[in-house]
Amino acid sequence: MLKQNHRAWVEIDLSAIKHNVQQLKRCLSSETDLMAIVKADAYGHGAIAVSQAALEAGATWLGVATIPEGIQLRNAGITAPILILGATNSADEIKAISEHRLQPTICNPKQALIFHEVLSGIQHAIPVHLKFDTGMSRLGIDWREAVDFVKLVHGLPQLAIGSIYSHLATADELDQTIMQQQQQRFEQTIAALKAVGICPPRIHLCNTAAMLTDPKLHYDMVRPGLGIYGLYPAPHLKKYVDLLPAIQVKARITQVKSVVAGTGISYGHSFHAPTDMKIATVAIGYADGIPRGLSNRIAVAVHGKRVAQVGTITMDQTMIDVTHVPEVSVGDVVTMLGGEAGTTADDWAGILGTISWEVLCGFKHRLPRINVEVPELSSAYLL
Ligand SMILES: *Cc1c(COP(=O)(O)O)cnc(C)c1O
């Protein structure tokens, strides 16, 4: 197999991706589309393969952050509509969007007028998506100024309003006060638009957490990211769907050695062998995205056994305790995350004081993405 040549890699179970899309779709009515959010190389999972799997499992839209991310999918032959979630401001970007049939987000009158100018003379209007800021205070027109903004775009012949959307700041929290306030602002603005005769063809608001929390927020489309990768935005959301993490991180053992009690291991000797031990060196480190802050704090797996990582994680190499794995030898595969390691990105995030989204996006491109598919899983959920 291909893997034979790799020192370390990320393994993606595409049947888990499909399973997760199916599970999320089950929460939706037949009128609601699912846009798979595949920005940041599909949260580190590999955007092309994940997009193809998600579309096969019933997603109908894709969402990316940047224009190059969208172009990558078009170049791979993907024809589904692709929304660019980030802002687009320059003439070159607008031309690239039009050329690759990507669908931009527009957030203010100035941006709309740049599009109008750059696209003057085109035959067919291009679809644009208008973003309202209802409380996230990131991207989007302030909801109080939104009606005038939509009217302006409505009057520009080169632009066709494809959808209106907003993004929630606190959907993963148990307290829904702020989420409900954002929803009210969103619905109020849509109602005000209808009152002046503008009925957007599509409106959407939900990330993974919101779509699990409240079906009233589903509208015409939902935009899950994290759930597609098999992780829950918060523990209280586990009861709604049965998701499977799709990622495993693996690496090979490059050396096995015996050390006597008291031996210091790795930089700074942050670990001393309490007894005589057998230590294996694994060809993966923080330059691959194994955070150094996990040093001496995680379990990994080799030969189906969970063992402790010991000593400081270095740039390219990491040590593990294989004292109780007699069969271990050079070339053996160690599961650093997921699978037999029995850990998820949530566990690592908990240790590091961050969120699973950041852990997933942290695996570097030095690690090849290898796709596997478990046929029983695919057929069980897709047929
Ligand atoms: C990233 C993103 C999402 C997906 O969020 P998850 O919490 O990963 O489901 C949805 N909408 C927008 C605008 C985003 O930027």
Side-chain angles (χ1 to χ4, degrees), residues 33 35 37 39 61-67 70 81-98 101-171 178-207 210 216-223:
D33 278 317
M35 170 186 283
I37 300 298
K39 62 193 180 193
W61 282 70
L62 298 169
V64 297
T66 69
I67 295 167
I82 300 174
L83 172 62
I84 310 286
L85 297 164
T88 306
N89 288 297
S90 75
D92 283 348
E93 288 177 316
I94 294 167
K95 285 179 190 149
I97 279 177
S98 153
R101 291 167 294 107
L102 304 171
Q103 305 199 19
T105 294
I106 301 187
C107 307
N108 58 62
K110 194 171 158 206
Q111 233 182 331
L113 293 171
I114 297 172
F115 269 78
H116 171 69
E117 216 175 280
V118 174
L119 296 173
S120 64
I122 61 158
Q123 300 290 324
H124 302 285
I126 76 155
V128 296
H129 301 260
L130 309 185
K131 179 124 189 228
F132 294 178
D133 176 10
T134 56
M136 172 72 180
S137 306
R138 189 172 64 175
L139 209 54
I141 184 101
D142 186 297
W143 59 285
R144 285 158 294 209
E145 299 162 18
V147 172
D148 286 342
F149 170 57
V150 178
K151 277 201 228 160
L152 169 86
V153 176
H154 194 65
L156 299 174
Q158 291 89 345
L159 305 184
I161 298 173
S163 81
I164 289 180
Y165 75 106
S166 188
H167 191 49
L168 297 165
T170 63
I178 295 168
M179 182 168 86
Q180 279 163 4
Q181 183 185 47
Q182 284 197 259
Q183 178 197 8
Q184 275 167 17
R185 290 170 174 176
F186 189 61
E187 290 193 355
Q188 205 176 311
T189 316
I190 300 294
L193 282 171
K194 287 186 179 153
V196 298
I198 300 176
C199 188
R202 188 185 290 273
I203 64 174
H204 47 111
L205 185 61
C206 284
N207 54 8
K216 285 199 302 300
L217 305 186
H218 289 176
Y219 306 116
D220 303 301
M221 184 155 76
V222 294
R223 309 187 305 266

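With a 4.5 Å cut-off on side-chain heavy atoms, I126 and V128 count as touching. The side-chain heavy atoms of T88 and L102, taken from C-beta on, include no pair separated by under 4.5 Å. Put simply, the side chain of Y165 does not reach to within 4.5 Å of the side chain of M221, judged on heavy atoms. Side-chain contact between M179 and L217 is present, with heavy atoms from C-beta onward closer than 4.5 Å. Put simply, the side chain of F186 does not reach to within 4.5 Å of the side chain of L168, judged on heavy atoms. Contact annotation: the side chain of I94 never approaches that of P104 to less than 4.5 Å [non-hydrogen atoms, C-beta and beyond]. Contact of the V150 side chain with the V196 side chain is not registered, since no non-hydrogen atoms from C-beta on lie closer than 4.5 Å. Within the 4.5 Å cutoff, no side-chain heavy atoms of S166 are placed close to those of M136.
Residues forming a side chain to side chain contact (heavy atoms under 4.5 Å, CB included) with D92 (at least two apart in sequence, or on another chain): S90. Looking at residues two or more places apart in sequence or on another chain, you find a side chain to side chain contact (heavy atoms under 4.5 Å, CB included) between D220 and R202, I203. Under the rule for a side chain to side chain donor-acceptor pair (under 3.5 Å), the partners of S163 that lie at least two apart in sequence or sit in another chain are H129, H204. For the side chain to side chain contact (heavy atoms under 4.5 Å, CB included) test, no residue two or more places apart in sequence or in another chain qualifies with Q184.
A ring pair (Phe, Tyr, Trp, His ring centres under 6.0 Å) check over residues 135-163, counting only residues at least two apart or in different chains, returns nothing.
Atom CG in L85 sits 7.0 Å away from atom CZ in R223 (nearest 0.5 Å). Atom SG of C107 is separated from atom CG of D142 by 12.5 Å, given to the nearest 0.5 angstrom. Separating the OG atom in S98 from the NE2 atom in H124 is a distance of 11.0 Å, to the nearest 0.5 Å. R144 contributes atom CZ, which lies 6.0 Å from atom CZ of R185 (distance to the nearest 0.5 angstrom).
Among all heavy-atom pairs drawn from M35 and L62, the shortest one is CG-C, 3.7 Å. In terms of heavy-atom proximity, G155 sits nearest to P157 at O-CD, 3.4 Å. Considering all non-hydrogen atoms of both residues, Q111 and N108 come closest at N-OD1, 2.8 Å. Heavy atoms only, all atoms of each residue included: P201 and G162 are closest at CG-O, 3.3 Å. Of all non-hydrogen atoms in V153 and A112, the two that sit nearest each other are CG2-CB, 3.9 Å. Counting all heavy atoms, side chain and backbone alike, I161 lies closest to I164 at CG2-CG1, 4.2 Å.
For L152, the CG atom counts as densely surrounded, since its 6.0 Å shell holds more than 12 non-hydrogen atoms of other residues, nucleotides or ligands.
Panel note: side chain T105, backbone I84; a donor-acceptor pair is recorded below 3.5 Å. The main-chain N or O of K151 is never found under 3.5 Å from a side-chain atom of D148 such that the two would form a donor-acceptor pair. With hydrogens and angles disregarded, a donor-acceptor distance shorter than 3.5 Å links the side chain of E93 to the backbone of N89.
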Does the pair T134 and T189 meet the rule for a side chain to side chain contact (heavy atoms under 4.5 Å, CB included), with working shown? CA-CA 10 Å; T134 56; T189 316; 5.6 Å; no

Please tabulate, for side-chain N and O atoms in residues 113-122, each donor-acceptor pair with protein atoms closer than 3.5 Å (sequence neighbours left out).
residue, atom, partner, partner atom, Å
H116, ND1, Q158, OE1, 2.9
S120, OG, E117, O, 3.1

